[in-house]
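Read through the structure below, which is laid out as structure tokens, and then see the notes.
No hydrogens, no waters, no symmetry mates; every other heavy atom, side chains included, goes into these values. Keep in mind it's a predicted model, so treat the numbers as computed, not measured. The chains referred to below are lettered A, B, ... by the order of the sequence lines, with proteins before strands, and numbering in each begins at 1.
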Amino acid sequence: MFGWVRSRALYVEIARFLVLIAVILGVIWLLGSLGHLDLPFIITVLPLIFQGAAITLAATAFILPVALGVGFLVGWARFSRNPLAYWVTTLFVEIFRGTPQLVLVLAAFFIGLPLVAPAGANPQVLAFWVGSFALALHSAAYQGEIFRAGFQSVPTGQIEAAHAVGLDSWQTMKEVILPQAFRVSLPPLGNEFANVVKDSSILGFLGVLCIVLCSRDLAGWGRQIAPLTFNVNTAVFSWVVIAIVYFIIIYVMSTIMLAVERRLRVPGLEAAL
Amino acid sequence: MSSSHPMIKAENIHKSYDSLRVLKGVSLSVDKGDVLVIVGPSGSGKSTLLRCINLLVYPDSGSIWIDGILTTHHEVRPEWVREKVAMVFQSFNLFSHLRAVDNVTLGLRKIKGINPEEAREAGIHLLKSVGLEDKIDEYPANLSGGQQQRVAIARALAMNPKVVLFDEPTSALDPEFISEVLDVMTRLANEGMTMIVVTHEIGFAKGVADHLVFLEGGRVLEEGGAREVIESPRRRRTQEFMSKILG
């Protein structure tokens, strides 16, 4: 029976992959037929786009763990009965959830950067870090709410039973609340991770700002790509390729998340799926 | 340890939630190896009283001794008390992310630090003793109510407690599963476990309990030998209640 399930899942996987390839080929054919394909332009722009994809991955690799860690602590504090922790983190969530990412990133650039910049540091690199940090806090506010919902989904009877067995508060958190809350939180966390990948594009504003404002030669990447996209025909090609790159990153990520979910699946705890 | 003191002694327990006075000075005493049944209408404070005895709820005032040790003293860790005084809940409350055997052994592994293989052996042994040797690796969601409650009893016994509290252990069960749980409880009582059981299973109370307490409005209205209180209650209110639950 399980052999049948596994082979069926494999067929589904293959079919999805083929559909994906077909869609990408279809888009390229469409672009060509509309006159958006220009070989010399493609040769110039593709390496730049892949460079940009590398920056996206770097930003994601920084933002995700920071936001996950901070978000977990925020969710825990909002779940706890400690009034100080509750109010501090509630304020944090309201501020960072209620402010547009662009505003946060610009604030980090104009206010945060001068505060933290050591003399002689590369402003472009610093802009990347403070901007990423602002995005991490924004995502942490959302992930904090996801974790809080996860914690609150654990029935009080589970906590009472853990205490009745003799577990202390910390053991109850680690052995009973967390394993259940985490399973419930996984699907919305996957959503939020996809948002983090896409929202990292906001960091591009800092590249543009650096062209104008930073004294050193900082925005080589942004400066090279900016004039190239002014031609409407070729610009369409760039945006489509960028969309495909984002799509692939997020597709790979959600496939991993789904695998984690499947691996941790327990009967009776799959209600949130 | 001599038998000069009762296994459980509660004296003048008071507990309020905001302005709601749930327990208004309850005292009781259970000797080692005895079974006390608590009956009473809903809202009479039965569950709160049980939760005070294992300190899931702290009484506002009053004293509780377990095997001669004053557990309501502020220096006694509640976790220590709960290891000695296990509890079985109305709605089972099995840890839904853990298999039956891991539910039973969680305390052994995390509190007593017993290694997983040994704990599993002990867990399998306990599950066999409640007739669930074929459900060792099932998750709670795949078990019937009666099976879940038997796993919960095995879990309660894992830490080798001195006392087991039962909070309406059969009230959430379909009728067909009630007897399998009562059978396990009866055997446990016959083996000499000290038990306090909140239940309206009068057959069980008559056959197994030594004493019975009738609780109403946060006070003990009547107490005595189980058979005696059930068959010939002295107070009018107890008579009314007994005739209702006897049908």
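Residue contact with chain B, scored on non-hydrogen atoms closer than 4.5 Å, involves the side chain of A:Q171 exclusively. For B:S91, no part lies near chain A; criterion is any non-hydrogen pair under 4.5 Å. For chain A, the nearby part of B:F89 is the side chain; its heavy atoms alone come within less than 4.5 Å.
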Please walk me through it: do A:S139 and A:E192 pass side chain to side chain donor-acceptor pair (under 3.5 Å)?
CA-CA 7 Å; A:S139 180; A:E192 178 55 21; 2.7 Å; yes
Assess the residue pair B:Q90 and B:D167 against the criterion (side chain to side chain donor-acceptor pair (under 3.5 Å)); give the C-alpha distance rounded to whole Å, side-chain angles, the decisive distance to 0.1 Å, and a yes or no.
CA-CA 5 Å; B:Q90 179 176 359; B:D167 185 12; over 6 Å; no
Would A:N82 and A:S80 satisfy side chain to side chain donor-acceptor pair (under 3.5 Å), going step by step from the backbone distance to the final call?
CA-CA 6 Å; A:N82 181 326; A:S80 82; 5.7 Å; no
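A:W76 has its ring centre less than 6.0 Å from the ring centre of A:F72.
Taking both residues in full, the closest heavy atoms of B:G40 and B:S44 are given as C-OG, 3.8 Å, listed atom of the first, atom of the second, then distance.
Contact count versus chain A (heavy atoms, under 4.5 Å) is highest, among B:L55, B:L94, B:V85, B:V81, for B:L94. Contact count versus chain A (heavy atoms, under 4.5 Å) is highest, among B:K84, B:E79, B:H97, B:K110, for B:H97. Put simply, of B:R155, B:R51, B:R82, B:M87, the one with the most heavy-atom pairs under 4.5 Å next to chain A is B:R82.
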